[in-house]
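Just so it is clear, the values below take in all heavy atoms, side chains as well, and ignore hydrogens, waters and symmetry mates.
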Amino acid sequence: MGMTMIKIFDTTLRDGEQSPGVNLNQLEKLEIARQLERLRVDRIEAGFPASSKGDFEAVKAIAQTIKNSSVIGLSRAVQSDIEAAWEALRVAEEPCLHLFLATSPIHMKYKLKMTPEQVIETSVNMVKYAKKKFPFIEWSAEDASRSDLDFLARIIEKVIEAGANVINLPDTVGYTTPEEYGKMFRYIREHVPNIDQVALSCHCHDDLGMAVANSLAAIENGVTQVEGTINGIGERAGNAALEEVVIALKIRSDFYPYETNLKLDELKRTSDLVAKLTGMVVQPNKAVIGRNAYAHESGIHQDGVLKNAQTYEIITPELVGVHSNNLVLGKHSGRHAFKEKVVELGFTLSEEKLNQAFGQFKQLTDHKKEVTDEDLFTILMEIQTNANTVQKYQLEMIQVQYGSANIPTATVSVKTPEDKIVQTACTGNGSVEALYKTIAALITEETNLLDYQISSIGGGKDALAEAYVQVKVNGEIMNGRGTASDVLEASAHAYINAVNKYLIKQSSVVKEPTAIK
């Protein structure tokens, strides 16, 4: 008996980006989409085209770029949403639409203010309308896990007749249990006469920590597509972590007779890219891709692993793309070797950006004797995703004076979006506070620091510093990141990056999305 193929539907760029403070620009979204294509994801949900000009343009750019994965856009059951999605996706190899409408009693009564019959009529009409444009339509019953099963069966039968290709039954609020979720899919398979004409899909949220378990339960009950995000990011407690689902299927293939198309050794790189660009750091003990997943600190564990790795290590680091020896280049490495390494790491840079990256690499070798894959990956990612579409703030100079007997003082010089150089100095209780008070004094936008994290890239005393901040800019929460050889310089770049992301977003926003699953 052959293995059943499970398609992977990645919604990192749509549902994942709804995480508070996550605001990806078009270049960042494109870079993630390219990596998802390298990972061999079957379907990439690129965004919600009707929500804003920025999202529309990003979905369109991804649809033009990605060739080996299907690109999907989200749409409410509204004609204008469908039209916006078509305009963004018509350039794709296979334009795909993800259409949704709520089916639970609480959503129909209080949010939609529609009767069950009106929900069926609207769903059918919008699927028929969309089918005139899109060859592939996925229809989702928002809050399916809290819906009446008989009503769910009725509406599914009707939307299949209208032309839907995939039926997605999400656990929108992360409420259900594996047993309940599996039972729902069994009921639908047994009570919808035309269910064999479509594929079934699951979409689980992690509010009760059961998203991955629920997804596996759905697979056991006839689902052939799993939706989720890299690192499990998403609104509230997030979505099912795709890397956990696919590795569970791989490692426990004795129990789960299923397989996926994913190139598993791209998982860690994909995870790292998403973590860096979203600012949502992966916790060390995260299953499958956390840095502690392969660290055996216990003496007994270490002894067992040295004698036979399988005593405690059920997943080899190499399976997900973790390599212990990643020393790549040094001070005397030339441009040709650098360019080859760029290609090996999966980046495609223009000549201008390649020159910028090589220049930054050479600067780094002045401070760091050995440059690793991780260092180079960070440099290349920063350059590849740097958006020059709007005028932004640029850090010109920082100087921080600190002593245990003195008041910390920071002097900062910044180039404004109007190309003016401004400079001032402020004091604080510590070096970072003094630095951030000074930057805030130079910036026109009203800012308030909500969170600050600092870490190192790799190990050693000469490791690059990486700073992440969450800043409220004119009332809107933005994430920022910065890297540098110096901790304070990285911190300054992160703060300014958050403000610049706000400026980029403001240049593209038309309206805010509403009623998104």
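No hydrogens or angles considered: nothing links the side chains of Glu31 and Thr385 as a donor-acceptor pair under 3.5 Å. Looking at Thr447 and Lys472, their side chains never bring a donor and an acceptor atom within 3.5 Å of each other. Of the N and O atoms on the side chains of Asp451 and Gln453, at least one donor lies less than 3.5 Å from an acceptor on the other residue. If you check the side chains of Thr11 and Glu227, you find no donor sitting under 3.5 Å from an acceptor. Glu396 and Ser413 form no side-chain donor-acceptor contact under 3.5 Å, judged by distance and modelled atom types alone. Side-chain atoms of Tyr468 and Asn479 include no donor-acceptor pair closer than 3.5 Å. Side-chain N/O atoms of Lys392 and Asn497 include no donor and acceptor closer than 3.5 Å. Tyr393 and Glu445 form a side-chain donor-acceptor contact under 3.5 Å, judged by distance and modelled atom types alone.
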### Task
Could you give me the CA-CA distance, side-chain angles and deciding distance for Thr483 and Glu466, then say whether side chain to side chain donor-acceptor pair (under 3.5 Å) is met?
CA-CA 5 Å; Thr483 56; Glu466 189 165 43; over 6 Å; no
### Task
Evaluate the criterion side chain to side chain donor-acceptor pair (under 3.5 Å) for residue pair Asn500 and Lys505; output intermediate values, then yes/no.
CA-CA 9 Å; Asn500 285 337; Lys505 185 178 182 186; over 6 Å; no
### Query
Does the pair Leu267 and Ser271 meet the rule for a side-chain contact (heavy atoms from CB on, under 4.5 Å), with working shown?
CA-CA 6 Å; Leu267 280 173; Ser271 168; over 6 Å; no
### Task
Might you work through the side-chain contact (heavy atoms from CB on, under 4.5 Å) test for Val281 and Ser455, ending with a clear yes or no?
CA-CA 10 Å; Val281 181; Ser455 60; over 6 Å; no
### Message
One pair to check against salt bridge (charged side-chain N to carboxylate O under 4.0 Å, His left out): Glu17 and Lys29. What are the steps and the verdict?
### Response
CA-CA 10 Å; Glu17 207 207 2; Lys29 289 183 179 182; 3.3 Å; yes
### Query
For Val320 and Glu243, what are the C-alpha separation, side-chain angles and deciding distance, and is it a side-chain contact (heavy atoms from CB on, under 4.5 Å)?
CA-CA 9 Å; Val320 296; Glu243 65 278 0; over 6 Å; no
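Ionic pairing of Arg236 and Asp206 is not present here: no N-O contact between side-chain nitrogen and carboxylate oxygen is shorter than 4.0 angstrom. Electrostatic pairing of Arg40 and Glu37 does not count as a salt bridge here, judged by no charged N lying under 4.0 Å from a carboxylate O. By the 4.0 Å N-to-carboxylate-O rule, Arg43 lies too far from Glu138 to be salt-bridged with it. Between Glu57 and Lys60 there is no salt bridge, since no side-chain nitrogen of the basic residue lies less than 4.0 Å from a carboxylate oxygen of the acidic one. At a threshold of 4.0 Å, the pair Lys268-Asp272 counts as salt-bridged, since one of the basic side-chain nitrogens sits closer than that to a carboxylate oxygen. Ion pair Lys133/Glu83 not flagged as a salt bridge, since none of the NZ, NE, NH1 or NH2 atoms sits closer than 4.0 Å to an Asp/Glu carboxylate oxygen. With respect to the salt-bridge test (charged N to carboxylate O, under 4.0 angstrom), the residues Glu244 and Lys286 qualify. Taking 4.0 Å as the cut-off between side-chain N and carboxylate O, Glu28 and Arg481 count as a salt-bridged pair. The pair Arg14-Asp55 fails the salt-bridge criterion, with no side-chain N (NZ, NE, NH1 or NH2) lying under 4.0 Å from an Asp/Glu carboxylate O.
Checked against the 6.0 Å centroid criterion, the rings of Trp86 and Phe134 qualify as a close aromatic pair. For His203 and Phe9, the ring centers are positioned 6.0 Å apart or more.
The minimum heavy-atom distance linking Ile72 with Cys96 is given by the pair CG1-CB, 3.3 Å. Of all non-hydrogen atoms in Val41 and Asp10, the two that sit nearest each other are CG1-CB, 3.7 Å. Closest approach of Met126 to Ile82, counting heavy atoms only: O-CD1, 3.7 Å. For the pair Pro170 and Ala141, the tightest heavy-atom approach, listed with the atom from each and the gap, is CD-O, 3.1 Å. In terms of heavy atoms, Asn239 sits closest to Gly234 at OD1-CA, 3.6 Å. When every heavy atom of Gly482 is checked against every heavy atom of His493, the shortest pair comes out as CA-CB, 4.0 Å.
Side chain of Ser140 to main chain of Glu142: no donor-acceptor pair is present (N/O by atom type, distance under 3.5 Å, no hydrogens or angles). A distance-only check finds no donor-acceptor pair linking the side chain of Ser253 to the backbone of Leu249 [under 3.5 Å]. Within the 3.5 Å criterion, the main-chain N or O of Glu352 finds no donor-acceptor partner in the side chain of Asn355. Side-chain atoms of Thr416 come within 3.5 Å of backbone atoms of Lys420 as a donor-acceptor pair (strictly under, hydrogens ignored). The backbone N or O of Asp143 sits less than 3.5 Å from a side-chain atom of Thr172, completing a donor-acceptor pair. A donor-acceptor pair under 3.5 Å is absent between the side-chain atoms of Lys53 and the main chain of Ala50, judged by distance alone. A donor-acceptor contact shorter than 3.5 Å links the side chain of Ser350 to the backbone of Lys353. Here the side chain of Asn168 pairs no donor or acceptor atom with the backbone of Trp139 at under 3.5 angstrom. In terms of modelled atom types and a separation under 3.5 Å, the side chain of Arg38 and the main chain of Gly346 share a donor-acceptor contact. Asp486 places a side-chain N or O within donor-acceptor distance of the main-chain N or O of Leu488, the cut-off being under 3.5 Å.
To the nearest 0.5 angstrom, Leu376 atom CG is 7.5 Å from Lys341 atom NZ. Summarising the geometry, atom CZ belonging to Arg34 is positioned 14.0 Å from atom OG1 belonging to Thr270; distances are rounded to the nearest 0.5 Å. Distance check, rounded to the nearest 0.5 Å: CG of Asp42 to CD1 of Ile8 gives 6.5 Å. Atom CG of residue Leu464 and atom CG of residue Asp375 lie 5.0 Å apart, to the nearest 0.5 angstrom. For the atom pair Ile314 CD1 and Arg252 CZ, the distance stands at 8.5 Å (nearest 0.5 Å).
Checking Leu27, Ile32, Asn25, Val22 one by one against Leu277, the side chain to side chain contact (heavy atoms under 4.5 Å, CB included) holds for a single residue, Ile32.
No more than 12 heavy atoms of other residues, nucleotides or ligands lie within 6.0 Å of NZ in Lys250, so this atom counts as exposed by the packing criterion. Counting heavy-atom neighbours within 6.0 Å of Lys263 NZ, excluding the residue itself, gives a total above 12.
Leu13 places none of its side-chain heavy atoms less than 4.5 Å from the side chain of Glu45. Annotation: side chain of Pro417 is in contact with side chain of Leu503 (closest heavy-atom distance under 4.5 Å). The closest side-chain heavy-atom distance from Leu319 to Ile247 is below 4.5 Å. Under the 4.5 Å side-chain criterion, counting only non-hydrogen atoms from C-beta, Phe136 is in contact with Val166. With contacts defined as side-chain heavy-atom distances shorter than 4.5 Å, the pair Asn261/Met5 qualifies. At least one side-chain heavy atom of Val412 sits under 4.5 Å from a side-chain heavy atom of Leu435. For the pair Thr229 and Leu242, the minimum side-chain heavy-atom distance is 4.5 Å or more.
Geometric assessment of Arg269 against the ring of Phe347 yields a positive cation-pi assignment under the 6.0 Å and 45° thresholds.
Tyr495 and Tyr436 have tilted rings, their planes meeting at an angle from 30° to 60° on a 0 to 90° scale.
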